[in-house]
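One structure is given here, and the rest of the page talks about it.
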Protein chains: 2
Amino acid sequence: MEPQTHLKPGRVRPGGRTAKVRAAVLDATQDELVDVGFHGLAMDRVAARAGVGKTTVYRRWRDPGGLVTDLMVELADQSTPHADTGSIEGDLRANAMSVLGAINDQRLGATLQAVIAAATCDPAAADALNAFYLRRVKEWATAVDRAVERGELPAGTDGAEVIRAVSAPLYYRLVVTREPVDERHAERAAARVLAAARAGAFAEAAG
Amino acid sequence: MEPQTHLKPGRVRPGGRTAKVRAAVLDATQDELVDVGFHGLAMDRVAARAGVGKTTVYRRWRDPGGLVTDLMVELADQSTPHADTGSIEGDLRANAMSVLGAINDQRLGATLQAVIAAATCDPAAADALNAFYLRRVKEWATAVDRAVERGELPAGTDGAEVIRAVSAPLYYRLVVTREPVDERHAERAAARVLAAARAGAFAEAAG
DNA sequence: CCCTTAATGGGTTTCTGGTTCCGTTAAGAT
DNA sequence: ATCTTAACGGAACCAGAAACCCATTAAGGG
(Lines give C-alpha, C1' and ligand atoms only; values in the text may rest on other atoms or scores of the structure.)
Protein backbone atom coordinates (compact mmCIF):
# COMPACT_ATOMS: atom_id res chain seq x y z
CA MET A 1 0.00 0.00 0.00
CA GLU A 2 1.24 3.45 -0.80
CA PRO A 3 1.82 6.26 1.74
CA GLN A 4 -1.83 7.41 1.89
CA THR A 5 -1.53 11.18 1.58
CA HIS A 6 -4.42 11.95 3.95
CA LEU A 7 -4.96 15.10 1.93
CA LYS A 8 -7.20 13.44 -0.58
CA PRO A 9 -9.49 11.03 1.20
CA GLY A 10 -12.42 10.36 -0.97
CA ARG A 11 -10.36 8.81 -3.76
CA VAL A 12 -10.71 5.29 -2.48
CA ARG A 13 -14.32 5.41 -1.44
CA PRO A 14 -15.82 8.47 -3.10
CA GLY A 15 -19.34 7.05 -2.99
CA GLY A 16 -22.44 8.74 -1.63
CA ARG A 17 -21.37 9.94 1.78
CA THR A 18 -17.99 11.36 0.92
CA ALA A 19 -19.36 13.21 -2.08
CA LYS A 20 -22.23 14.57 -0.03
CA VAL A 21 -19.88 15.79 2.68
CA ARG A 22 -17.74 17.57 0.12
CA ALA A 23 -20.73 19.24 -1.48
CA ALA A 24 -22.11 20.33 1.89
CA VAL A 25 -18.77 21.69 3.07
CA LEU A 26 -18.04 23.60 -0.12
CA ASP A 27 -21.53 25.01 -0.04
CA ALA A 28 -21.20 26.09 3.57
CA THR A 29 -17.84 27.62 2.75
CA GLN A 30 -19.40 29.87 0.15
CA ASP A 31 -22.11 30.90 2.59
CA GLU A 32 -19.51 31.76 5.19
CA LEU A 33 -17.47 33.71 2.67
CA VAL A 34 -20.51 35.83 1.87
CA ASP A 35 -21.07 36.48 5.56
CA VAL A 36 -17.60 36.96 7.03
CA GLY A 37 -15.12 36.94 4.15
CA PHE A 38 -11.95 34.93 3.88
CA HIS A 39 -10.36 36.53 6.90
CA GLY A 40 -13.24 35.39 9.08
CA LEU A 41 -13.41 31.88 7.71
CA ALA A 42 -13.08 29.34 10.54
CA MET A 43 -12.97 25.60 9.93
CA ASP A 44 -15.06 25.21 13.03
CA ARG A 45 -17.96 27.22 11.71
CA VAL A 46 -17.86 25.75 8.24
CA ALA A 47 -18.18 22.30 9.77
CA ALA A 48 -21.11 23.36 11.93
CA ARG A 49 -22.82 25.11 9.04
CA ALA A 50 -22.35 22.09 6.79
CA GLY A 51 -23.72 19.80 9.49
CA VAL A 52 -20.50 17.84 9.44
CA GLY A 53 -17.93 16.86 12.03
CA LYS A 54 -15.18 19.42 12.31
CA THR A 55 -12.59 16.68 12.40
CA THR A 56 -13.59 15.79 8.86
CA VAL A 57 -13.11 19.33 7.65
CA TYR A 58 -9.65 19.59 9.22
CA ARG A 59 -8.66 16.20 7.89
CA ARG A 60 -9.73 16.78 4.32
CA TRP A 61 -8.99 20.48 3.83
CA ARG A 62 -6.46 21.30 6.56
CA ASP A 63 -7.01 25.11 6.66
CA PRO A 64 -9.16 27.90 5.19
CA GLY A 65 -6.79 28.19 2.26
CA GLY A 66 -7.39 24.55 1.37
CA LEU A 67 -11.11 25.14 1.55
CA VAL A 68 -11.20 28.04 -0.90
CA THR A 69 -8.68 26.33 -3.12
CA ASP A 70 -10.89 23.28 -3.47
CA LEU A 71 -13.85 25.56 -4.04
CA MET A 72 -12.02 27.26 -6.89
CA VAL A 73 -11.03 23.93 -8.40
CA GLU A 74 -14.69 22.98 -8.36
CA LEU A 75 -15.72 26.22 -10.03
CA ALA A 76 -12.95 25.96 -12.59
CA ASP A 77 -14.44 22.70 -13.80
CA GLN A 78 -17.74 24.32 -14.58
CA SER A 79 -17.78 25.87 -18.01
CA THR A 80 -19.52 29.13 -18.71
CA PRO A 81 -21.22 29.30 -22.10
CA HIS A 82 -19.32 31.73 -24.32
CA ALA A 83 -21.43 33.64 -26.80
CA ASP A 84 -21.06 33.88 -30.56
CA THR A 85 -22.94 36.99 -31.62
CA GLY A 86 -21.43 37.20 -35.07
CA SER A 87 -19.47 40.40 -34.50
CA ILE A 88 -16.38 40.98 -32.39
CA GLU A 89 -18.07 43.98 -30.86
CA GLY A 90 -20.96 41.85 -29.66
CA ASP A 91 -18.69 39.07 -28.46
CA LEU A 92 -16.44 41.35 -26.43
CA ARG A 93 -19.43 43.01 -24.91
CA ALA A 94 -20.89 39.61 -24.06
CA ASN A 95 -17.61 38.65 -22.45
CA ALA A 96 -17.55 41.85 -20.40
CA MET A 97 -21.10 41.20 -19.27
CA SER A 98 -20.19 37.66 -18.32
CA VAL A 99 -17.32 38.90 -16.16
CA LEU A 100 -19.59 41.54 -14.70
CA GLY A 101 -22.13 38.90 -13.78
CA ALA A 102 -19.50 36.81 -12.02
CA ILE A 103 -18.16 39.78 -10.11
CA ASN A 104 -21.54 41.03 -9.02
CA ASP A 105 -23.01 37.66 -8.13
CA GLN A 106 -23.09 37.58 -4.36
CA ARG A 107 -21.72 34.10 -3.82
CA LEU A 108 -19.39 33.94 -6.77
CA GLY A 109 -18.11 37.45 -6.17
CA ALA A 110 -17.39 36.73 -2.53
CA THR A 111 -15.65 33.53 -3.51
CA LEU A 112 -13.49 35.23 -6.12
CA GLN A 113 -12.39 37.87 -3.67
CA ALA A 114 -11.66 35.24 -1.05
CA VAL A 115 -9.49 33.24 -3.41
CA ILE A 116 -7.70 36.37 -4.49
CA ALA A 117 -7.00 37.17 -0.86
CA ALA A 118 -5.95 33.60 -0.18
CA ALA A 119 -3.69 33.50 -3.24
CA THR A 120 -1.71 36.31 -1.66
CA CYS A 121 0.05 33.82 0.54
CA ASP A 122 -1.10 30.36 -0.55
CA PRO A 123 0.49 28.96 -3.72
CA ALA A 124 -2.19 26.27 -4.10
CA ALA A 125 -4.90 28.92 -4.11
CA ALA A 126 -2.91 30.88 -6.66
CA ASP A 127 -2.70 27.85 -8.92
CA ALA A 128 -6.42 27.17 -8.67
CA LEU A 129 -7.17 30.79 -9.45
CA ASN A 130 -4.93 30.64 -12.48
CA ALA A 131 -6.55 27.46 -13.75
CA PHE A 132 -9.95 29.07 -13.37
CA TYR A 133 -9.06 32.04 -15.56
CA LEU A 134 -6.92 30.09 -17.98
CA ARG A 135 -9.90 28.04 -18.99
CA ARG A 136 -12.26 30.99 -19.37
CA VAL A 137 -9.77 33.10 -21.27
CA LYS A 138 -9.04 30.25 -23.64
CA GLU A 139 -12.70 29.64 -24.31
CA TRP A 140 -13.43 33.29 -25.06
CA ALA A 141 -10.26 33.80 -27.08
CA THR A 142 -11.82 31.78 -29.90
CA ALA A 143 -14.24 34.66 -30.48
CA VAL A 144 -11.29 36.92 -31.19
CA ASP A 145 -9.76 34.34 -33.50
CA ARG A 146 -12.99 34.18 -35.47
CA ALA A 147 -12.99 37.96 -35.76
CA VAL A 148 -9.48 37.84 -37.17
CA GLU A 149 -10.59 35.26 -39.73
CA ARG A 150 -13.54 37.43 -40.68
CA GLY A 151 -11.16 40.31 -41.18
CA GLU A 152 -12.64 42.37 -38.35
CA LEU A 153 -9.32 42.56 -36.56
CA PRO A 154 -5.71 42.67 -37.78
CA ALA A 155 -3.94 39.38 -38.40
CA GLY A 156 -1.75 38.25 -35.51
CA THR A 157 -4.05 39.70 -32.87
CA ASP A 158 -3.49 37.86 -29.59
CA GLY A 159 -6.93 36.58 -28.59
CA ALA A 160 -6.10 35.66 -25.03
CA GLU A 161 -4.57 39.05 -24.39
CA VAL A 162 -7.63 40.79 -25.76
CA ILE A 163 -9.91 38.85 -23.46
CA ARG A 164 -7.74 39.57 -20.46
CA ALA A 165 -7.66 43.22 -21.33
CA VAL A 166 -11.43 43.34 -21.17
CA SER A 167 -11.47 41.83 -17.68
CA ALA A 168 -8.60 43.84 -16.29
CA PRO A 169 -10.35 47.18 -15.69
CA LEU A 170 -13.30 45.42 -14.09
CA TYR A 171 -11.14 43.49 -11.68
CA TYR A 172 -9.12 46.62 -11.07
CA ARG A 173 -12.23 48.30 -9.78
CA LEU A 174 -13.34 45.26 -7.83
CA VAL A 175 -10.09 44.50 -6.10
CA VAL A 176 -7.86 47.55 -6.17
CA THR A 177 -10.06 50.62 -5.93
CA ARG A 178 -13.06 48.69 -4.58
CA GLU A 179 -15.56 50.77 -6.47
CA PRO A 180 -18.87 49.36 -7.72
CA VAL A 181 -18.84 47.90 -11.22
CA ASP A 182 -21.85 48.18 -13.50
CA GLU A 183 -22.94 47.62 -17.11
CA ARG A 184 -21.53 50.97 -18.11
CA HIS A 185 -18.05 50.01 -17.00
CA ALA A 186 -18.32 46.67 -18.75
CA GLU A 187 -19.36 48.33 -22.00
CA ARG A 188 -16.57 50.87 -21.80
CA ALA A 189 -14.02 48.18 -21.12
CA ALA A 190 -15.14 46.23 -24.18
CA ALA A 191 -15.24 49.33 -26.39
CA ARG A 192 -11.78 50.49 -25.37
CA VAL A 193 -10.17 47.14 -25.94
CA LEU A 194 -11.89 46.89 -29.28
CA ALA A 195 -10.52 50.28 -30.33
CA ALA A 196 -7.01 49.25 -29.37
CA ALA A 197 -7.34 45.88 -31.09
CA ARG A 198 -8.57 47.48 -34.30
CA ALA A 199 -5.55 49.77 -34.20
CA GLY A 200 -3.36 46.67 -34.09
CA ALA A 201 -2.18 47.17 -30.51
CA PHE A 202 -2.78 43.50 -29.75
CA ALA A 203 -1.01 42.18 -32.84
CA GLU A 204 2.24 40.33 -32.25
CA ALA A 205 4.43 42.89 -33.93
CA ALA A 206 3.09 45.56 -31.58
CA GLY A 207 4.61 43.70 -28.59
CA MET B 1 -11.61 65.94 29.25
CA GLU B 2 -12.92 64.43 26.06
CA PRO B 3 -13.54 60.71 25.50
CA GLN B 4 -9.94 59.88 24.51
CA THR B 5 -10.42 57.67 21.48
CA HIS B 6 -7.48 55.40 22.33
CA LEU B 7 -7.12 54.79 18.61
CA LYS B 8 -4.92 57.80 18.04
CA PRO B 9 -2.47 58.05 20.91
CA GLY B 10 0.49 60.01 19.79
CA ARG B 11 -1.52 63.15 19.13
CA VAL B 12 -0.98 64.63 22.54
CA ARG B 13 2.62 63.68 23.03
CA PRO B 14 3.99 62.74 19.62
CA GLY B 15 7.54 63.57 20.61
CA GLY B 16 10.60 61.37 20.22
CA ARG B 17 9.56 58.08 21.72
CA THR B 18 6.09 57.79 20.22
CA ALA B 19 7.32 58.69 16.77
CA LYS B 20 10.16 56.21 17.05
CA VAL B 21 7.80 53.46 18.10
CA ARG B 22 5.53 54.15 15.16
CA ALA B 23 8.42 54.12 12.70
CA ALA B 24 9.82 50.89 14.16
CA VAL B 25 6.43 49.15 14.13
CA LEU B 26 5.55 50.20 10.60
CA ASP B 27 8.98 49.12 9.46
CA ALA B 28 8.66 45.75 11.15
CA THR B 29 5.21 45.37 9.63
CA GLN B 30 6.61 45.68 6.13
CA ASP B 31 9.30 43.16 6.91
CA GLU B 32 6.73 40.72 8.18
CA LEU B 33 4.54 41.26 5.14
CA VAL B 34 7.44 40.36 2.89
CA ASP B 35 8.02 37.19 4.93
CA VAL B 36 4.57 35.86 5.73
CA GLY B 37 2.02 38.02 3.91
CA PHE B 38 -1.06 39.62 5.37
CA HIS B 39 -2.68 36.38 6.39
CA GLY B 40 0.31 35.50 8.53
CA LEU B 41 0.66 38.92 10.11
CA ALA B 42 0.52 38.56 13.91
CA MET B 43 0.57 41.59 16.21
CA ASP B 44 2.72 39.52 18.48
CA ARG B 45 5.52 39.09 16.00
CA VAL B 46 5.43 42.61 14.74
CA ALA B 47 5.92 43.84 18.28
CA ALA B 48 8.83 41.51 18.84
CA ARG B 49 10.41 42.39 15.52
CA ALA B 50 10.04 46.09 16.22
CA GLY B 51 11.53 45.66 19.68
CA VAL B 52 8.41 47.10 21.24
CA GLY B 53 5.93 45.89 23.84
CA LYS B 54 3.06 44.04 22.23
CA THR B 55 0.60 45.89 24.42
CA THR B 56 1.61 49.05 22.64
CA VAL B 57 0.98 47.55 19.24
CA TYR B 58 -2.46 46.30 20.24
CA ARG B 59 -3.34 49.60 21.88
CA ARG B 60 -2.38 51.79 18.94
CA TRP B 61 -3.29 49.61 15.97
CA ARG B 62 -5.77 47.09 17.37
CA ASP B 63 -5.40 44.41 14.66
CA PRO B 64 -3.42 43.54 11.50
CA GLY B 65 -5.87 45.53 9.42
CA GLY B 66 -5.10 48.65 11.43
CA LEU B 67 -1.41 48.06 10.93
CA VAL B 68 -1.52 47.85 7.14
CA THR B 69 -4.02 50.68 7.00
CA ASP B 70 -1.66 52.98 8.85
CA LEU B 71 1.13 51.81 6.64
CA MET B 72 -0.86 52.70 3.55
CA VAL B 73 -1.75 56.12 4.96
CA GLU B 74 1.93 56.71 5.47
CA LEU B 75 2.74 55.67 1.90
CA ALA B 76 -0.13 57.71 0.48
CA ASP B 77 1.43 60.85 1.90
CA GLN B 78 4.61 60.31 -0.03
CA SER B 79 4.35 61.72 -3.51
CA THR B 80 5.93 60.00 -6.48
CA PRO B 81 7.41 62.37 -9.03
CA HIS B 82 5.33 62.23 -12.20
CA ALA B 83 7.24 62.70 -15.40
CA ASP B 84 6.68 65.23 -18.17
CA THR B 85 8.41 63.85 -21.24
CA GLY B 86 6.72 66.16 -23.71
CA SER B 87 4.68 63.49 -25.49
CA ILE B 88 1.71 61.51 -24.27
CA GLU B 89 3.41 58.35 -25.44
CA GLY B 90 6.41 59.01 -23.23
CA ASP B 91 4.28 60.07 -20.29
CA LEU B 92 2.07 56.99 -20.39
CA ARG B 93 5.09 54.79 -20.69
CA ALA B 94 6.67 56.57 -17.73
CA ASN B 95 3.51 56.02 -15.75
CA ALA B 96 3.46 52.34 -16.60
CA MET B 97 7.08 52.04 -15.54
CA SER B 98 6.31 53.80 -12.29
CA VAL B 99 3.52 51.34 -11.52
CA LEU B 100 5.78 48.49 -12.54
CA GLY B 101 8.43 49.71 -10.14
CA ALA B 102 5.96 49.84 -7.28
CA ILE B 103 4.62 46.37 -8.01
CA ASN B 104 8.01 44.76 -8.34
CA ASP B 105 9.63 46.46 -5.37
CA GLN B 106 9.81 43.75 -2.76
CA ARG B 107 8.61 45.72 0.23
CA LEU B 108 6.20 48.01 -1.57
CA GLY B 109 4.80 45.17 -3.64
CA ALA B 110 4.21 43.01 -0.58
CA THR B 111 2.59 45.94 1.16
CA LEU B 112 0.28 46.67 -1.74
CA GLN B 113 -0.84 43.07 -1.91
CA ALA B 114 -1.36 43.00 1.83
CA VAL B 115 -3.53 46.08 1.77
CA ILE B 116 -5.51 44.66 -1.12
CA ALA B 117 -6.09 41.51 0.90
CA ALA B 118 -6.94 43.53 3.99
CA ALA B 119 -9.35 45.75 2.09
CA THR B 120 -11.38 42.61 1.39
CA CYS B 121 -12.79 42.75 4.90
CA ASP B 122 -11.61 46.01 6.44
CA PRO B 123 -13.30 49.24 5.27
CA ALA B 124 -10.55 51.40 6.74
CA ALA B 125 -7.96 49.56 4.69
CA ALA B 126 -10.14 50.01 1.62
CA ASP B 127 -10.32 53.76 2.24
CA ALA B 128 -6.58 54.05 2.67
CA LEU B 129 -6.03 52.09 -0.52
CA ASN B 130 -8.39 54.35 -2.37
CA ALA B 131 -6.71 57.49 -1.06
CA PHE B 132 -3.37 56.13 -2.17
CA TYR B 133 -4.47 55.61 -5.76
CA LEU B 134 -6.67 58.70 -5.93
CA ARG B 135 -3.66 60.86 -5.36
CA ARG B 136 -1.43 59.09 -7.87
CA VAL B 137 -4.09 58.96 -10.55
CA LYS B 138 -4.85 62.65 -10.12
CA GLU B 139 -1.20 63.60 -10.37
CA TRP B 140 -0.64 61.58 -13.54
CA ALA B 141 -3.92 62.63 -15.13
CA THR B 142 -2.47 66.07 -15.73
CA ALA B 143 -0.14 64.52 -18.31
CA VAL B 144 -3.20 63.41 -20.28
CA ASP B 145 -4.76 66.84 -19.94
CA ARG B 146 -1.64 68.41 -21.38
CA ALA B 147 -1.76 65.98 -24.29
CA VAL B 148 -5.34 67.01 -24.99
CA GLU B 149 -4.29 70.66 -24.99
CA ARG B 150 -1.45 69.89 -27.36
CA GLY B 151 -3.93 68.19 -29.66
CA GLU B 152 -2.36 64.75 -29.24
CA LEU B 153 -5.61 63.27 -27.94
CA PRO B 154 -9.27 64.01 -28.67
CA ALA B 155 -10.99 66.74 -26.65
CA GLY B 156 -12.98 65.40 -23.71
CA THR B 157 -10.59 62.53 -23.03
CA ASP B 158 -10.93 61.46 -19.40
CA GLY B 159 -7.41 61.69 -17.99
CA ALA B 160 -8.04 59.78 -14.79
CA GLU B 161 -9.62 56.91 -16.71
CA VAL B 162 -6.68 56.75 -19.08
CA ILE B 163 -4.24 56.49 -16.20
CA ARG B 164 -6.27 53.80 -14.49
CA ALA B 165 -6.51 51.88 -17.72
CA VAL B 166 -2.73 51.75 -17.89
CA SER B 167 -2.47 50.30 -14.37
CA ALA B 168 -5.33 47.85 -14.71
CA PRO B 169 -3.64 45.13 -16.76
CA LEU B 170 -0.57 45.25 -14.55
CA TYR B 171 -2.56 44.83 -11.38
CA TYR B 172 -4.63 42.18 -13.07
CA ARG B 173 -1.50 40.13 -13.54
CA LEU B 174 -0.22 40.89 -10.05
CA VAL B 175 -3.38 40.13 -8.14
CA VAL B 176 -5.68 38.00 -10.27
CA THR B 177 -3.56 35.74 -12.41
CA ARG B 178 -0.43 36.16 -10.27
CA GLU B 179 1.93 36.10 -13.19
CA PRO B 180 5.18 38.03 -13.22
CA VAL B 181 5.04 41.56 -14.61
CA ASP B 182 7.93 43.04 -16.56
CA GLU B 183 8.85 46.04 -18.74
CA ARG B 184 7.32 44.40 -21.75
CA HIS B 185 3.92 44.21 -20.12
CA ALA B 186 4.19 47.79 -18.95
CA GLU B 187 5.03 49.00 -22.44
CA ARG B 188 2.20 47.05 -23.99
CA ALA B 189 -0.27 48.37 -21.46
CA ALA B 190 0.76 51.94 -22.24
CA ALA B 191 0.68 51.37 -26.01
CA ARG B 192 -2.75 49.77 -25.96
CA VAL B 193 -4.32 52.48 -23.86
CA LEU B 194 -2.76 55.09 -26.10
CA ALA B 195 -4.27 53.45 -29.18
CA ALA B 196 -7.71 53.40 -27.58
CA ALA B 197 -7.37 56.99 -26.39
CA ARG B 198 -6.36 58.21 -29.85
CA ALA B 199 -9.44 56.48 -31.24
CA GLY B 200 -11.53 58.53 -28.83
CA ALA B 201 -12.54 55.59 -26.63
CA PHE B 202 -11.79 57.63 -23.50
CA ALA B 203 -13.69 60.74 -24.62
CA GLU B 204 -16.86 61.58 -22.71
CA ALA B 205 -19.21 60.97 -25.59
CA ALA B 206 -17.82 57.47 -25.96
CA GLY B 207 -19.53 56.51 -22.64
C1' DC C 1 -25.90 -10.63 2.77
C1' DC C 2 -21.71 -10.13 5.34
C1' DC C 3 -17.13 -8.44 6.20
C1' DT C 4 -13.35 -5.22 6.00
C1' DT C 5 -11.93 -0.83 6.65
C1' DA C 6 -12.38 3.96 4.62
C1' DA C 7 -14.32 7.79 6.31
C1' DT C 8 -16.93 10.31 9.62
C1' DG C 9 -18.02 12.56 14.18
C1' DG C 10 -18.32 13.75 19.13
C1' DG C 11 -15.58 15.04 22.91
C1' DT C 12 -11.32 16.51 25.00
C1' DT C 13 -6.83 18.63 25.12
C1' DT C 14 -3.45 21.85 23.51
C1' DC C 15 -1.73 25.98 22.07
C1' DT C 16 -1.30 30.32 20.10
C1' DG C 17 -3.04 34.74 19.46
C1' DG C 18 -5.46 38.46 21.89
C1' DT C 19 -6.77 41.12 26.46
C1' DT C 20 -6.14 43.08 30.88
C1' DC C 21 -3.56 44.81 34.88
C1' DC C 22 -0.47 47.58 36.79
C1' DG C 23 4.13 49.35 37.40
C1' DT C 24 7.77 52.15 34.69
C1' DT C 25 9.53 55.64 31.57
C1' DA C 26 9.97 59.99 29.66
C1' DA C 27 7.44 64.10 26.90
C1' DG C 28 6.26 68.49 27.55
C1' DA C 29 4.61 72.15 30.57
C1' DT C 30 5.74 75.31 34.39
C1' DA D 1 14.87 71.45 37.83
C1' DT D 2 10.45 69.49 38.90
C1' DC D 3 5.99 67.72 38.24
C1' DT D 4 2.09 65.72 35.78
C1' DT D 5 0.52 62.26 33.10
C1' DA D 6 0.71 60.36 28.21
C1' DA D 7 2.57 56.50 26.52
C1' DC D 8 5.13 52.32 26.99
C1' DG D 9 6.19 47.46 28.52
C1' DG D 10 6.38 43.00 31.22
C1' DA D 11 3.60 39.36 32.88
C1' DA D 12 -0.39 37.03 34.02
C1' DC D 13 -4.76 35.80 32.10
C1' DC D 14 -8.46 34.30 28.77
C1' DA D 15 -10.70 32.58 24.57
C1' DG D 16 -11.27 30.33 20.65
C1' DA D 17 -9.28 27.91 16.95
C1' DA D 18 -6.50 23.78 15.81
C1' DA D 19 -5.07 18.99 16.91
C1' DC D 20 -5.95 14.46 18.85
C1' DC D 21 -8.30 10.18 20.41
C1' DC D 22 -11.29 6.68 19.80
C1' DA D 23 -15.96 5.05 19.01
C1' DT D 24 -19.40 4.79 15.13
C1' DT D 25 -21.14 4.53 10.44
C1' DA D 26 -21.51 2.90 5.92
C1' DA D 27 -19.02 2.15 1.02
C1' DG D 28 -17.72 -1.32 -1.83
C1' DG D 29 -15.85 -6.01 -2.54
C1' DG D 30 -16.69 -10.91 -1.92
message = Tell me the interatomic distance from R22(A), atom CZ, to dT8(C), atom C1', rounded to whole angstroms.
response = 17 Å
request  = Ignoring the backbone of K54(A), work out which of dA27(D), dT25(C), dG11(C) is nearest its side chain.
outcome  = dG11(C)
inquiry  = Measure CG/D63(A) against C1'/dA19(D) and give the value in whole Å, please.
reply    = 13 Å
task = Please report, rounded to the nearest Å, how far the C1' atom of dT8(C) is from the CZ atom of R17(A).
result = 5 Å
Value in whole Å for how far the P atom of dG18(C) lies from CZ of R60(B) = 18 Å
request  = Go through the N and O atoms of the side chain of T55(A) and the base of dC20(D), and report whether any donor-acceptor pair is under 3.5 Å.
outcome  = yes
query = Between dG9(C) atom C1' and D44(A) atom CG, what is the distance in whole Å?
reply = 13 Å
ask   = Can you check whether R59(A) has a side-chain N or O nearer than 4.0 Å to OP1 or OP2 of dA6(C)?
value = no
message = Measure CH2/W61(A) against C1'/dA19(D) and give the value in whole Å, please.
response = 17 Å
message = With a 4.0 Å cutoff (strictly under), does any side-chain N or O of Y58(B) reach OP1 or OP2 of dT19(C)?
response = no
task = Using only side-chain N and O atoms of R45(B), determine if any of them is under 4.0 Å from OP1 or OP2 of dT16(C).
result = no
query = Should E179(A) and R164(B) count as an ion pair when the cut-off is N to O under 4.0 Å?
reply = yes
inquiry  = What I want to find out is whether R49(B) reaches D35(B) closely enough, with some N-O distance under 4.0 Å, to be called a salt bridge.
reply    = yes
ask   = Counting just side-chain N and O atoms, does T56(A) come under 4.0 Å of either OP1 or OP2 of dG9(C)?
value = yes
key: Residues R146(A), E149(A): salt bridge by 4.0 Å N-O rule   = no
key: Pair R60(A) + D70(A): basic N to acidic O under 4.0 Å   = no
